[in-house]
Amino acid sequence: MRLSTYFLPTLKETPAEAQIASHRLMLRAGMVNQETSGIYTWLPMGLRVLEKIQKIVCEEQDRIGCHKVLMPTIQPAELWRKSSRYEDYGKEMLRIQDRHGREMLYGPTNEEVITDVVSQYVKSYRQLPLTLYQIQWKFRDEVRPRFGVMRGREFLMKDGYSFDLDLESAKSTYRKIFESYLRTFARLGLTAIPVRADSGAIGGDMSHEFHIVAPTGESAIYYDKAFESLDVDNISYEVGSSLYAAADEMHKAEECPIPTSDLKSARGIEIGHIFYFGTKYSEPLGAKAVGPDGKTIALEMGSYGIGVSRLVGGIIEANHDEKGIIWPESVAPFKVALINLKAADVKAQELCDNLFNTLTSKNIEVLYDDRDERAGTKFADMDLIGLPWQVIVGNKTLETGMVEIKNRRTGEKQEIAIEKVLEVVG
Ligand code: P5A
């Protein structure tokens with residue numbers, strides 16, 4: 001992508017309304033634009049990150065055999081009356097009437113809709129277990145939308161729903177998704193701590209929240225310090241049941257099973273939340289199946305959320321410095337910033353164009369700063385945007401064919417021949 005023709009509206013000044021680093025940096029790096037409280041437009045750079053996160057989330061869901069669907073954002077109130085949640089949900093639900101005066105709502109979550117779908121098509125234990133998921137926009141009229149995309153009113157969620165015939169099978173599904181979440185977050189460059197949690201408005205008997213530790217986190221969490229040095233490639237549900245971690249409302253100091261020397265308390269950002277709630281929705285909405293014994297029973301259900309748009313802010317909270325964002329490679333909007341410091345020079349243009357073509361032909365995503373701007377502006381913009389690698393073409397390149405390569409995370413710089421760039425960043 002050539003920066004001269006891209007839409008990247010970066011800001012020099014820090015917007016006054018932004019209280020935390022990720023919000024400030026997302027606005028300054030031209031990733032989002034606020035339309036009204038808690039509602040954002042995703043600009044090209046922000047959207048690239050959002051889409052990278054979605055891709056990883058989908059790959060990990062598909063890997064464990066979940067199937068992707070897409071439900072509507074607008075739902076009929078009738079389904080929520082059946083589950084008795086229409087009144088309970090209160091002011092957080094955006095209620096709408098269509099032209100016929102029918103009551104509708106903008107979905108804050110989709111347990112009712114998916115249970116309705118499954119009730120129509122699943123009739124036998126042979127169709128189970130089944131987990132369906134989607135990535136779809138939700139609306140919750142939060143009392144205090146804040147911190148940018150972290151607590152929005154309209155936000156993107158991965159929501160999955162599992163259907164099993166019995167408790168044992170439902171628990172095994174829950175475990176599988178629990179493990180898969182740790183793997184998903186690790187791929188996003190995050191250490192997530194699975195804390196035992198209250199199931200709140202979704203309801204149910206068993207629930208875990210996944211938190212990343214950050215001073216700006218909205219919740220207090222308590223956890224065994226062993227979570228910080230876990231081997232992320234070999235994590236299992238055993239971790240969830242044997243190591244201690246709890247959300248504030250679940251933590252009782254006097255009942256805590258581990259010595260205080262091992263207990264850490266921190267602020268956490270909730271990036272995922274999973275629930276097992278048995279037949280709470282399947283019963284009233286009629287999702288049943290005939291078991292091998294010929295008896296018809298209500299399905300055992302769970303639901304599993306990941307805050308996809310919140311993750312963009314969360315990843316920045318965990319990966320930035322005073323100059324800007326430091327993207328983990330897996331979600332970086334581009335991998336390489338190619339900075340031409342002699343943009344008006346024909347020879348420099350030719351060298352950069354060739355390098356740009358070589359890298360992009362190898363499927364390496366390059367943001368090519370071909371603007372005729374001061375070096376200081378270019379460096380500041382690129383540090384702010386935070387792509388993993390910066391390749392700098394300047395006077396020295398014209399004289400000796402050498403470019404400077406900077407690693408944004410370590411700050412390490414090296415000089416190499418322009419032909420060797422692919423070897424380093426590839
Ligand atoms: C699980 C999937 C649910 O809604 N139903 C379907 C269950 N869970 S949840 O905990 O309420 O939400 C799941 C995740 O969504 C993110 N999230 C938000 N992100 C941005 N702004 C918000 N206002 C917001 N509310 C929830 C969180 O990451 C949460 O874990």
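First listed ligand is number 1; within each ligand, the first listed atom is number 1.
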Provide the full list of ring-ring contact (aromatic ring centres under 6.0 Å, His included) pairs with a residue in [range], sequence neighbours left out, each pair given once.
| range | value |
| --- | --- |
| residues 141-175 | Y174-H208 |
| residues 52-87 | W80-Y89 |
| residues 91-124 | Y106-F139 |

Thinking salt bridges, do [X] and [Y] make one under a 4.0 Å N-O criterion?
| X | Y | result |
| --- | --- | --- |
| R144 | E218 | no |
| R95 | D141 | no |
| D159 | K138 | yes |

Compile the protein residues with any heavy atom at a distance under 4.0 Å from an atom of ligand 1; present them by chain, then by number.
T109, E111, R140, E142, V149, M150, R151, G152, F155, M157, D159, Y161, I202, E270, I271, G272, H273, F275, S303, Y304, G305, G307, R310
